[in-house]
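So the structure is just underneath, and the comments pick up after that.
FYI, side chains are in, hydrogens and waters are out, and symmetry mates aren't considered; it's all heavy atoms of this structure. Keep in mind that what you see is a predicted model, and the values were worked out from it rather than measured.
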Amino acid sequence: WGRVAENNGNHLLLGRNAPFPSDTQLVSPALQVSPAEPFVLTFSHAFALEGALPVLFDGGVIELSSDGGASWADVTTFGVDTGYTGVLALGGANPLEGRRAFSGTSPGFPARRSLTLNFGTQFAGLSVLVRFRLGADLNTILSGWFIDDVDVSGITNTPFNALVAEPSTCTARKAIDD
């Protein structure tokens, strides 16, 4: 996983689609879930990964841990609908083979679509980690999985402790009179 810049200066996270068996992961800092508010994860994403229905080879999943990363479960086990595109094929050495995942090419690629995962209060008062995981089989490379505009609500901590200046200039600023 890495950070890439678009021509307009916007930065995205990118999980590259490798041409060999791989399992790459992007893990959030610890998120302290509110004892009373719903825990909601929203982000926009687009993907171009090896596969086309009915046969999908490379894919991405979203997982959650409530024990500091000792164990992980797909977010769908907590009742959220990810909109995964299908099940990854068996036999290509992909560490995620046989699992439901995002695969193929997302509608309108490279345009990103928003996804909201509302976990309600089932993690109230707990510390959780979220990870984006990308698995590839033994051949073929496409663009990968792009993630942008990650927003988490229903947490009590500030997991990202630094503000980074936006590299572009705001063109919609209102002029200030002297």
Side-chain angles (χ1 to χ4, degrees), residues 1-31 39-119 128-152 159-160 164:
W1 284 87
R3 187 171 168 236
V4 296
E6 294 179 301
N7 290 338
N8 65 6
N10 182 52
H11 287 93
L12 309 163
L13 298 169
L14 170 61
R16 295 203 184 271
N17 190 183
F20 49 83
S22 65
D23 182 351
T24 58
Q25 303 165 13
L26 175 68
V27 181
S28 75
L31 306 170
F39 173 53
V40 181
L41 171 67
T42 302
F43 61 94
S44 62
H45 70 137
F47 49 90
L49 303 166
E50 183 195 7
L53 286 172
V55 184
L56 303 171
F57 299 104
D58 300 344
V61 298
I62 308 165
E63 298 173 323
L64 192 138
S65 175
S66 60
D67 60 9
S71 64
W72 294 88
D74 194 280
V75 294
T76 58
T77 64
F78 303 109
V80 297
D81 180 11
T82 58
Y84 288 153
T85 53
V87 177
L88 300 177
L90 300 174
N94 181 339
L96 300 178
E97 67 182 19
R99 289 187 57 181
R100 292 192 54 73
F102 296 114
S103 187
T105 302
S106 58
F109 182 85
R112 293 178 297 279
R113 292 179 176 225
S114 182
L115 177 61
T116 297
L117 305 176
N118 186 339
F119 297 94
V128 299
L129 301 171
V130 175
R131 79 174 170 189
F132 297 91
R133 188 173 172 200
L134 182 60
D137 71 352
L138 45 84
N139 62 28
T140 310
I141 184 170
L142 292 177
S143 299
W145 189 11
F146 295 87
I147 296 174
D148 196 17
D149 301 326
V150 178
D151 180 68
V152 182
F160 305 100
V164 178

Q.
Under the rule for side chain to side chain contact (heavy atoms under 4.5 Å, CB included), what residues qualify as partners of A30, not counting sequence neighbours?
A. Q32, S127, L129
Donor-acceptor contacts, no H, no angles, side chain residues 89-96, under 3.5 Å, sequence neighbours left out:
{"from": "N94", "atom 1": "OD1", "to": "L96", "atom 2": "N", "distance (Å)": "2.7"}
{"from": "N94", "atom 1": "ND2", "to": "F57", "atom 2": "O", "distance (Å)": "2.8"}
{"from": "N94", "atom 1": "ND2", "to": "G135", "atom 2": "O", "distance (Å)": "3.1"}

(Q) Suppose the criterion is side chain to side chain donor-acceptor pair (under 3.5 Å): which pairs have a residue in residues 101-110, not counting sequence neighbours? (A) none
Q. Is D137 reaching over with its side chain to a backbone N or O of D58, donor-acceptor style, under 3.5 angstrom?
A. no
Q.
Among residues at least two apart in sequence or on other chains, which ones pass side chain to side chain donor-acceptor pair (under 3.5 Å) with T116?
A. T42
Q. If you round to the nearest 0.5 Å, how far is CG of L31 from OG of S65?
A. 11.0 Å
Q. What pair of heavy atoms forms the shortest contact from A46 to A111, and how long is it?
A. CB-O, 3.5 Å
Q: Determine the sole option in D67, V27, V61 for which the side chain to side chain contact (heavy atoms under 4.5 Å, CB included) test with W72 is passed.
A: V27
Q.
Please give me the minimum heavy-atom distance between L49 and G60, naming the atom from each residue.
A. CD1-N, 4.0 Å
Q) What residues, two or more places apart in sequence or in another chain, satisfy side chain to side chain donor-acceptor pair (under 3.5 Å) together with S66? A) none
(Q) Taking side chain to side chain donor-acceptor pair (under 3.5 Å) as the definition, give me every residue that meets it alongside T140, ordered by chain and number, with sequence neighbours left out. (A) E50
**Q.** side chain to side chain contact (heavy atoms under 4.5 Å, CB included) partners for A5, two or more places apart
**A.** H11
**Q.** All salt bridge (charged side-chain N to carboxylate O under 4.0 Å, His left out) counterparts of E63, not counting sequence neighbours
**A.** R99, R131, R133
**Q.** With sequence neighbours excluded, residues passing side chain to side chain donor-acceptor pair (under 3.5 Å) with D81
**A.** none
**Q.** Heavy-atom closest pair, residues I62 and F43
**A.** CD1-CZ, 3.5 Å
Q.
Does any part of the side chain of L14, heavy atoms only, come nearer than 4.5 Å to the side chain of R16, both counted from C-beta?
A. yes
Q: Output all residues satisfying ring pair (Phe, Tyr, Trp, His ring centres under 6.0 Å) with Y84, sequence neighbours left out; order by chain, then residue number.
A: F102
Kindly list each side-chain donor-acceptor pair under 3.5 angstrom involving residues 141-151, sequence neighbours excluded, with atom names and distances?
{"from": "W145", "atom 1": "NE1", "to": "H45", "atom 2": "ND1", "distance (Å)": "3.0"}
{"from": "D148", "atom 1": "OD2", "to": "N10", "atom 2": "ND2", "distance (Å)": "2.8"}
{"from": "D148", "atom 1": "OD2", "to": "R112", "atom 2": "NH2", "distance (Å)": "3.4"}

Q. Under the side chain to side chain contact (heavy atoms under 4.5 Å, CB included) test, which residues partner L64, sequence neighbours left out?
A. F39, V75, F78, F119, F123, V128, V130
Q. From L134 CG over to T24 OG1, what is the distance, rounded to the nearest 0.5 angstrom?
A. 4.5 Å
Q: Determine whether T85 and F47 make a side-chain contact, defined as any pair of heavy atoms from C-beta on separated by less than 4.5 Å.
A: yes
